[in-house]
K.L.:
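I have a structure I would like to understand better, so I am pasting it below and will then ask my questions one at a time.
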Amino acid sequence: MELIKDILYNTDKILKDFYNWAYKLWSSFNLPFFILDIVFYLLITLAVAAFLVFNALFIIYYDRKVAAKFQVRYGPNRVGYKGILQTVADTIKLLIKEDINADKVDKIVFFLAPFLVFIPSFLVFLVIPFGKGLIPADLNIGILYVLAITGLSVLGILSAGWASNNKYSLIGGMRSAAQIISYEIPMVLVILSVLLLSGSLKMGDIINAQSSISKWFIFVQPIGFILFLIAGNAEINRAPFDLPEAESELVSGFITEYSAMKFAFFFLAEYTNLFLTSAIATTLFLGGWQGPFLPPFVWFIIKTYLVITLLMWFRWTFPRIRVDHLMEFSWKYLTPIAFVNLIATAILVKFI
Amino acid sequence: MTSLVFFYIFAVLIVISAIFMVTSRNIYYSALWLALTLFAVAGIFVLLNAYFLAGIQVLIYIGAVVVLTIFVINLTKEIEGKTEKQFNKQTIPALLALLTGIVLVVLAVLKTDWASRIAGWTNYDETAKIGNLLLNDFVIPFEAASVLLLIALIGAIAIVSLDKENK
Amino acid sequence: MLTLLHFIILSIVLFFIGIFGVLTRRNAIGILMSLELIFNAVNINMVAFSKFLTPQEIYGEIFTIFIITVAAAESVLGLAIILAIYRSRQKIYADEMNIMKW
Amino acid sequence: MDKIFLIGFLIPSLPFLAFFIIVAFTKRFKMISALISITAIFISFILSIMIVLFQIKNPAGYLKYDIPWLYIGNLKMNIGIIINSLTAIMLLVVTTVSLLVQIYSIGYMKGDEGFSKFFAFISLFSFSMLGIVIADNLMQLYIFWELVGLCSYLLIGFWYHKPEAADAAKKAFVVTRFGDFGFLIGILIISYLAGTFDILDIENFIKSGNISEKMLLLVVILLFCGAIGKSGQFPLHVWLPDAMEGPTPVSALIHAATMVAAGVFMVARLFPIFLSSPDAMLFVAYLGAFTALFSATIALTQDDIKRVLAYSTLSQLGYMMLALGSGGYVAGMFHLYTHAFFKALLFLCAGSVIHAIHSNNIWQMGGLHKKMPITSITFFIAALAISGIYPLSGFFSKDEILLSVLHSGNKLLYYSALFTAFLTAFYMFRLYFVTFSGQGKEHAHIHESPAVMTVPLIILSVFSIFSGFIGLPDKEFSIHKFLFLDHPEKGHFDFKVAMTSNIIAGLGILFAYLVYGLKVVNADMLRKKAGIIYTILKNKYYIDEIYLFFIRKIYYTLTEAIKWFDRHIVDGAVNLVAFLCRWAGGKLKLTITGKVQNYAMYIVIGVIIVILVLYVYQPDVMNIFAEVK
């Protein structure tokens with residue numbers, strides 16, 4: 001019991017000790033150190049990838065369950081206990097399904113697009129602070145890195161739309177790109193106001209700036225938090241901002257032509273993005289892994305899932321909005337509000 | 001050592017993707033190659049310890065410029081180069097000019113005595129410094145740049161927007 | 001050991017590839033993209049010089065930021081113009097836009 | 001001290017101000033324009049008197065004030081004023097005559113459409129002439145000199161709707177231009193040699209003897225060319241009689257005080273320079289004597305009242321030149337001074353007559369004495385004065401001239417001058433008798449001119465009578481004590497010369513009386529006897545015709561050749577250049593394809609060539625830090 005507690009509370013120390021031990025072992029063999037570094041990076045990557053996949057599986061299940069609750073039905077309940085293995089089954093189904101490539105698609109780009117969408121989501125995990133010291137790399141430009149890398153996924157979506165050689169897909173991809181670029185602006189502005197308070201781009205510093213619950217930026221930046229949630233929700237193309245893949249209009253938009261494995265990647269990316277947005281919201285506004293009694297890692301997961309639940313709540317509460325309203329909402333409301341928020345924060349930081 | 005390896009990886013990536021970008025018959029591929037080039041340039045920035053610039057590079061160039069370019073590509077026809085010529089008649093002189101230029105400038109650079117000018121290498125957090133400089137010493141260029149962006153924004157809207165009468 | 005020369009030569013090569021693109025691509029969008037290559041070559045040079053020659057100063061980086069700004073503005077306007085041309089002529093081949101001659 | 005400079009500056013400025021105000025504001029209000037102009041010139045007149053009074057205290061002194069204006073290489077150009085006795089006396093003459101002429105003009109020009117314009121021009125004219133008078137350097141003098149030329153053009157051609165007037169104006173302008181050309185060259189040569197435009201400095205330069213005899217002669221002759229043109233000396237005199245086409249007050253002004261006096265004044269101003277070249281002086285003297293005689297002979301036969309007066313002016317100017325050429329500096333200026341009054345008077349009288357008769361022909365006049373007594377009497381006084389009858393002003397000045405000629409020792413010039421005096425008396429009284437005495441032609445409406453015209457006549461006649469007394473020797477205010485070159489001279493008086501000139505003038509008057517007054521001798525018979533001589537004289541020695549011949553035949557032929565050369569060779573060369581440019585442009589335009597990428601290609605190739613050239617020929621340039629190290 002003590003051991004488990006120790007592992008949970010002092011994960012970073014244990015990892016560091018393990019690294020130092022391996023380092024010593026390695027030096028006794030007189031081998032070049034960069035191989036060890038690469039091995040460690042690979043290990044971390046594997047860990048993150050494993051977390052990502054299982055987490056996605058769980059989120060999908062969770063999403064369906066929550067949806068069912070909102071719609072007063074049971075949801076998946078046949079495979080495994082309360083349908084807990086439903087997503088696993090679905091995944092297996094997707095993996096063994098035939099991969100259909102339409103004749104007129106641009107083969108290379110069509111193949112590349114899912115990875116272009118998924119890889120950025122995966123890369124962002126580099127700076128997600130799962131717990132105290134549990135961050136793959138605490139970059140100097142942490143949050144900027146997040147913004148930059150998430151921006152890359154637009155390329156994949158556009159490519160998917162273009163390569164499908166299908167007007168619905170193309171329109172879906174274009175809509176998605178427009179939407180992501182538009183909502184990036186209020187999001188960046190909100191993040192800037194948070195950065196004004198934290199004074200650093202580093203994830204660790206941002207979390208340290210919210211050392212007590214009263215300093216959580218959600219209380220300092222309530223409007224910022226709401227804006228971030230809206231913009232983040234739009235960034236990951238979820239309802240009510242899921243126009244790019246709107247089934248009723250665009251027959252699922254840029255993923256229309258995708259099936260099987262490639263479709264699985266899109267799916268995976270979507271739920272990974274959902275988790276990511278929530279994780280970043282947690283980091284920026286909810287004090288990250290900080291919290292009493294429970295271990296930091298657990299606190300982080302709890303907070304993130306709270307935000308995820310909130311986003312799902314949104315999904316089932318608001319109807320999908322029209323495309324021109326979507327753009328108007330960003331440019332005419334969110335951006336000005338974010339600007340005012342930023343300026344107010346700046347004045348606050350300067351004079352108080 | 002490690003950095004040299006990474007430099008060569010990025011350099012080869014940059015050169016190859018740039019060549020493909022320039023020569024690709026399909027303009028959409030060009031755009032993707034451009035994205036790769038820019039991403040590799042960001043890697044070069046990381047090698048140079050300019051993390052902030054690397055972030056900006058990815059954020060603005062790939063996230064905005066390339067996406068915008070792809071947008072315009074999607075809005076125009078003739079992206080496929082199977083029947084249409086993608087290169088004009090001056091390809092061969094341009095190729096010659098390219099090679100001569102590279103050789104000449106490289107020779108000139110090799111002639112220069114750089115070693116005596118190298119002042120050393122420091123690692124430091126340039127982000128805060130950039131911020132300070134931008135809002136102190138460079139505040140006027142900074143504001144000018146913001147005005148420039150605003151003008152570009154309005155100008156682009158003005159150029160592209162259709163008149164109501166024309167509709 | 002990584003030296004300044006590496007970066008300079010890389011940037012020269014990139015620069016001339018960009019020049020080649022500007023000179024030969026028929027598609028106006030291609031020309032604009034090649035211009036971005038040229039900008040990037042300059043940026044690499046700027047940062048490399050700044051890092052190697054004046055490590056204490058970061059004016060090269062600052063300048064690079066401005067170059068990126070200008071490049072963004074340039075590509076926005078350029079693409080807008082290309083779109084406008086496309087609307088009126090249904091073509092964006094640079095060597096067919098030649099009514100501004102003698 | 002400063003006040004004097006201010007005054008000197010104000011004297012020319014006021015007429016200019018008047019000109020400006022009239023042109024800019026009061027063109028529609030005729031009487032206001034006249035009033036402004038007259039007020040300005042009146043103030044200038046008062047100020048001139050102040051200058052004269054100031055100068056009398058110290059006749060030898062001069063005041064000079066200038067400010068730098070332009071630097072052309074080493075050549076410094078000032079703008080400034082000089083005030084000495086010469087300036088003072090000339091200012092007085094110009095302002096007096098100008099004032100009286102302007103007052104007279106109110107009457108003469110009454111009802112003319114260009115009344116305001118006339119006064120504007122006259123103000124400008126006065127301004128230009130006063131500018132010449134106070135100029136302290138040659139360039140400034142030349143500028144005002146040309147302004148005078150411009151004003152004479154404007155005023156002679158005042159009634160430009162008359163073709164004769166327009167032609168006369170052009171003629172005056174063009175003919176004086178010949179002289180001015182020489183003048184300008186002379187100025188440039190001497191200024192180049194002396195390194196300055198300043199007259200006093202040039203005088204010092206010449207006195208220092210750094211200039212060769214021949215060069216000096218050339219310069220002086222060239223400078224004198226200006227005087228030939230402006231003062232109507234022999235070859236360039238043709239414009240002056242034609243200038244009679246202008247309004248009579250203008251003629252009075254031109255002949256008495258402004259335009260033609262400028263030449264004489266210029267010679268007087270530059271007299272030290274002239275004096276340093278004896279050959280040139282001789283030339284001046286001979287030319288003056290010749291012009292005097294020549295014009296007097298022409299004057300004998302003219303029928304136009306103003307033309308007679310014009311030729312008499314030429315003759316008198318010749319006198320002045322003769323005096324100056326003979327070294328009679330004071331005599332020349334003295335004659336200019338007296339002549340200004342009686343010649344102005346003569347012209348104004350003539351104007352009065354013309355105003356009454358509306359004709360210039362003397363044969364249409366006659367018997368006007370009874371109808372226009374004031375005009376007649378004043379004309380008579382002026383005629384006596386110009387003839388040199390004691391004790392009128394003309395006597396003293398003419399006497400001085402004869403004396404100075406006699407002193408120079410040239411008998412030929414002396415007798416020529418005497419003969420001219422005889423002719424002068426003759427033609428003046430011919431004019432008087434024909435116009436005023438005898439049976440009048442029937443002109444019902446002839447009456448005396450209004451007071452505004454007669455009062456200036458009376459004033460001028462007073463001047464004509466008494467102004468000569470300053471020439472009396474041994475008096476306190478003798479002109480010899482006021483106006484001198486190096487040191488005050490004692491006025492001379494030679495009884496023999498005085499008697500001779502008076503007798504000769506008397507003979508002339510008598511002869512004229514016999515022929516035209518009593519008509520004892522038939523004028524027609526004389527004419528027939530003179531025969532060919534009369535015809536030649538009547539036609540002014542055919543000078544105009546000779547000029548026309550030269551221009552029409554020789555000059556035009558020459559210009560035809562030049563025209564051909566210009567059209568075919570010069571223009572051909574130009575056209576060839578243009579054609580080559582066009583041809584090359586036609587070929588080169590093919591490089592302007594309108595394609596952006598081609599232009600970019602040119603730029604890139606150019607840059608690469610530059611780098612290549614630098615790399616091959618100046619390898620060091622390629623080392624970026626070569627100079628830094």
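Letters A, B, ... are given to chains in the order of the sequence lines, protein chains preceding strands, and every chain is numbered from 1.
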K.L.:
Using non-hydrogen atoms only, which part of Leu147(A) is less than 4.5 Å away from chain B: side chain, backbone, both, or neither?
P.N.:
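Its backbone and side chain both get close to chain B.
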K.L.:
By a 4.5 Å heavy-atom criterion (distance strictly below it), what part of Ala178(A) contacts chain B: side chain, backbone, both, or neither?
P.N.:
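For Ala178(A), backbone and side chain are both near chain B.
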K.L.:
Taking side chain as everything from C-beta outward and backbone as N, CA, C, O, which of these in Leu32(B) sits under 4.5 Å from a heavy atom of chain A? Side chain, backbone, both or neither.
P.N.:
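Answer is side chain: those atoms of Leu32(B) sit under 4.5 Å from chain A.
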K.L.:
Would you say Leu42(A) has more than 12 foreign heavy atoms packed within less than 6.0 Å of its CG?
P.N.:
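Yes, CG of Leu42(A) has more than 12 neighbouring heavy atoms, counting only those of other groups under 6.0 Å.
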K.L.:
Could you go through Phe52(B) and Leu144(A), starting from their C-alpha distance and side-chain angles, then the distance that decides it, and tell me whether this counts as side-chain contact (heavy atoms from CB on, under 4.5 Å)?
P.N.:
CA-CA 8 Å; Phe52(B) 181 72; Leu144(A) 182 66; 3.5 Å; yes
K.L.:
As an exercise, state the distance from CG of Leu59(B) to CD of Glu184(A), rounded to the nearest 0.5 Å.
P.N.:
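Rounded to the nearest 0.5 Å, the CG-CD separation comes to 6.0 Å.
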K.L.:
Is the CZ atom of Phe122(A) crowded by more than 12 outside heavy atoms at less than 6.0 Å?
P.N.:
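Enclosed.
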K.L.:
Between atom OH of Tyr51(B) and atom CG of Leu201(A), what is the distance when rounded to the nearest 0.5 Å?
P.N.:
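Result: 14.0 Å between the selected atoms.
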K.L.:
Is there side-chain contact between Asn74(B) and Trp162(A), with at least one heavy-atom pair below 4.5 Å?
P.N.:
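In contact.
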K.L.:
What closest approach, in Å, do Gly55(B) and Ala148(A) show between heavy atoms, and which atom pair accounts for it?
P.N.:
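Taking every non-hydrogen atom into account, O-CB, 3.6 Å.
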K.L.:
Would the number of heavy atoms belonging to other residues, nucleotides or ligands and lying under 6.0 Å from NZ of Lys107(A) be above 12?
P.N.:
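Yes, because the 6.0 Å sphere around NZ of Lys107(A) holds more than 12 heavy atoms from other groups.
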K.L.:
In terms of heavy-atom contacts, does CZ of Phe39(B) have more than 12 from other residues, nucleotides or ligands at under 6.0 Å?
P.N.:
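Atom CZ in Phe39(B) is not packed in, count stays at 12 or less.
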K.L.:
Might you confirm whether atom CZ of Phe111(A) has over 12 heavy atoms from other residues, nucleotides or ligands at distances under 6.0 Å?
P.N.:
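Not buried by this count: 12 neighbours or fewer within 6.0 Å.
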K.L.:
Give me the atom names and distance for the closest heavy-atom approach of Ala177(A) to Val67(B).
P.N.:
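Distance-wise, the nearest heavy atoms are CB-CG1, 4.3 Å.
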K.L.:
Other residues, nucleotides and ligands only: do more than 12 of their heavy atoms fall within 6.0 Å of CZ on Phe20(B)?
P.N.:
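Count not over threshold, so no.
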K.L.:
Checking Ser159(A) against chain B: side chain, backbone, both or neither under 4.5 Å from a heavy atom?
P.N.:
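The answer is both parts of Ser159(A).
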K.L.:
Distance check, rounded to the nearest 0.5 Å: Leu155(A) atom CG versus Ile62(B) atom CD1?
P.N.:
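Rounded to the nearest 0.5 Å, the CG-CD1 separation comes to 7.0 Å.
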K.L.:
Go through the side-chain N and O atoms of Tyr28(B) and Asp106(A) and say whether any donor and acceptor fall under 3.5 Å apart.
P.N.:
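Looking only at side-chain atoms, Asp106(A) and Tyr28(B) do not form any donor-acceptor pair under 3.5 Å.
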K.L.:
Would a 4.5 Å heavy-atom cut-off, applied to side chains only, mark Val58(B) and Tyr145(A) as touching?
P.N.:
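Val58(B) does not reach Tyr145(A) side chain to side chain.
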